[in-house]
Amino acid sequence: MNILCIILARSGSKSVKNKNIRLLNNRPLIAYTIGSAIKSKLFKHIIVSTDSKKIKKISKKYGADVPFLRPKFLSKDNSKAVDALHHTLITCEKKFKIKYDYIVELMCTNPFKTSFDIKNVISKQIKSKADSVIAVTKLEDHHPIRIKKIENKRIKNFCLKEIPETNRQDLKPDAYIRCGSIYSMRRDMLLKKVRYGTKNSLAYVMPRKRVVNIDEELDFDFAEFLMKKY
């Protein structure tokens, strides 16, 4: 199988400055994702799509390929990830004269995914022939039944009715959230600009301790704590 790994890493993060290359335990954040991709030994190419020369230099230092700089119109705050993935696929197929079978997006803001997780996602993707396989993690305290809305200063159920005093472990059915670590998809799906959400999209459940999505300063603190602990 020809499998393309894409890591999106644009500049201009608003919540955390230079987030993708900020040091986490003395290594750039993006280095962890590049390292896991390399260790999996499954990819024909590991591509970082970025609009930044600085991110390009650091990515190449840690072993990724950066054959182009992403166009500015795909690097705005409101740009969609699927458009950047589609652009990378088309550009790489032309450059390397290859047709990929699967595309795997690894998000560099989730540094704790391992080569074990990557291998399991791709294995499930190939064996099932699913449209896509995405990483999720189980919700505990934030189960949808406990989500509320406020109308006229009064608390109301958001979408599911909560029975008062229900214990967390009794909330059913089990609920999961996309954790953003890994997205795997068939080539034909990405050509249609579809990452997930079809009836033939499967889940790969990751343990909570390997799921940290870094969006703000507190997430960095939590990631550093977990790195020292595990």
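Just so we're clear, the structure is a prediction, and the values are computed from it rather than from any experiment. The analysis underlying the following values was restricted to heavy atoms, covering all of them including side chains, and did not include hydrogens, waters or symmetry mates.
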query: Can you tell me if S36 and S115 form a side-chain donor-acceptor pair at under 3.5 Å?
result: no
- prompt: Are I30 and F112 connected, step by step, through hydrophobic side chains (Ile, Leu, Val, Met, Phe, Trp, Tyr) whose heavy atoms are closer than 4.5 Å?
  reply: no
task: Would you give the length of the straight line joining atom OG of S59 to atom CD1 of I7, rounded to the nearest 0.5 angstrom?
output: 7.0 Å
ring-ring contact (aromatic ring centres under 6.0 Å, His included) contacts touching residues 117-157 (sequence neighbours left out): none
- prompt: Are R22 and F220 in a cation-pi contact, defined as NZ or CZ under 6.0 Å from the six-membered ring centre and within 45° of the axis?
  reply: yes
Members besides F73 in its Ile/Leu/Val/Met/Phe/Trp/Tyr cluster (side-chain heavy atoms under 4.5 Å): L74
message: I need the R10 CZ to S75 OG distance, nearest 0.5 Å.
response: 7.5 Å
query: Mind checking who shares a hydrophobic cluster with V136, ILVMFWY linked at side-chain heavy-atom distances under 4.5 Å?
result: L4, I6, L8, I47, F68, V82, L85, L89, I90, F96, I98, Y100, I103, M107, I134, Y176, Y183, M185, L190, L191, Y196, V205
All side chain to side chain donor-acceptor pair (under 3.5 Å) counterparts of T198, not counting sequence neighbours: D131
query: Are any of the side-chain heavy atoms of D101 and R187 separated by less than 4.5 Å?
result: no
- prompt: Do you know which two heavy atoms are closest between I126 and M1, and how far apart they sit?
  reply: CD1-CG, 4.0 Å
field: Considering all heavy atoms, the nearest P111-V212 contact
entry: CD-O, 3.6 Å
task: Drop me the distance from K60's NZ to D65's CG, to the nearest 0.5 angstrom.
output: 7.0 Å
task: Quick one: name the residues clustered hydrophobically with I177, using the 4.5 Å side-chain heavy-atom rule over I, L, V, M, F, W, Y, and just say none if it's on its own.
output: L139
field: Donor-acceptor side-chain pairing of R70 and S49 below 3.5 angstrom
entry: yes
- request: Inspect the surroundings of NZ in K124 and state if more than 12 heavy atoms from other residues, nucleotides or ligands are less than 6.0 Å away.
  value: yes
message: If I take atom CG from residue N18 and atom CD1 from residue I58, how far apart are they, to the nearest 0.5 angstrom?
response: 8.5 Å
message: Within the 4.5 Å heavy-atom criterion, are V104 and I122 side-chain neighbours or not?
response: yes
query: Which atoms form the tightest heavy-atom contact between V48 and V66, and what is the distance?
result: O-CG1, 3.5 Å
statement: What one should report as the nearest heavy-atom pair of N2 and K99 is ND2-O, 3.4 Å
- request: With rounding to the nearest 0.5 Å, note down the distance linking CD in E217 to NZ in K19.
  value: 11.0 Å
field: Non-hydrogen side-chain atoms of K138 and R208 separated by less than 4.5 Å
entry: no
field: Least distance between heavy atoms, V211 atom then M206 atom
entry: CG2-CB, 3.8 Å
- request: Compare all side-chain heavy atoms of K113 with those of Y32 and state whether any distance is below 4.5 angstrom.
  value: no
- prompt: Roughly how far, to the nearest 0.5 Å, is the CD atom of Q125 from the OG atom of S123?
  reply: 10.5 Å
Using distance only, find each side-chain donor-acceptor pair of residues 152-161 under 3.5 Å and give its atom names and separation, not counting sequence neighbours.
residue: R154; atom: NH1; partner: N152; partner atom: O; Å: 3.2
residue: K156; atom: NZ; partner: E151; partner atom: OE1; Å: 3.1
residue: N157; atom: OD1; partner: K148; partner atom: NZ; Å: 2.6

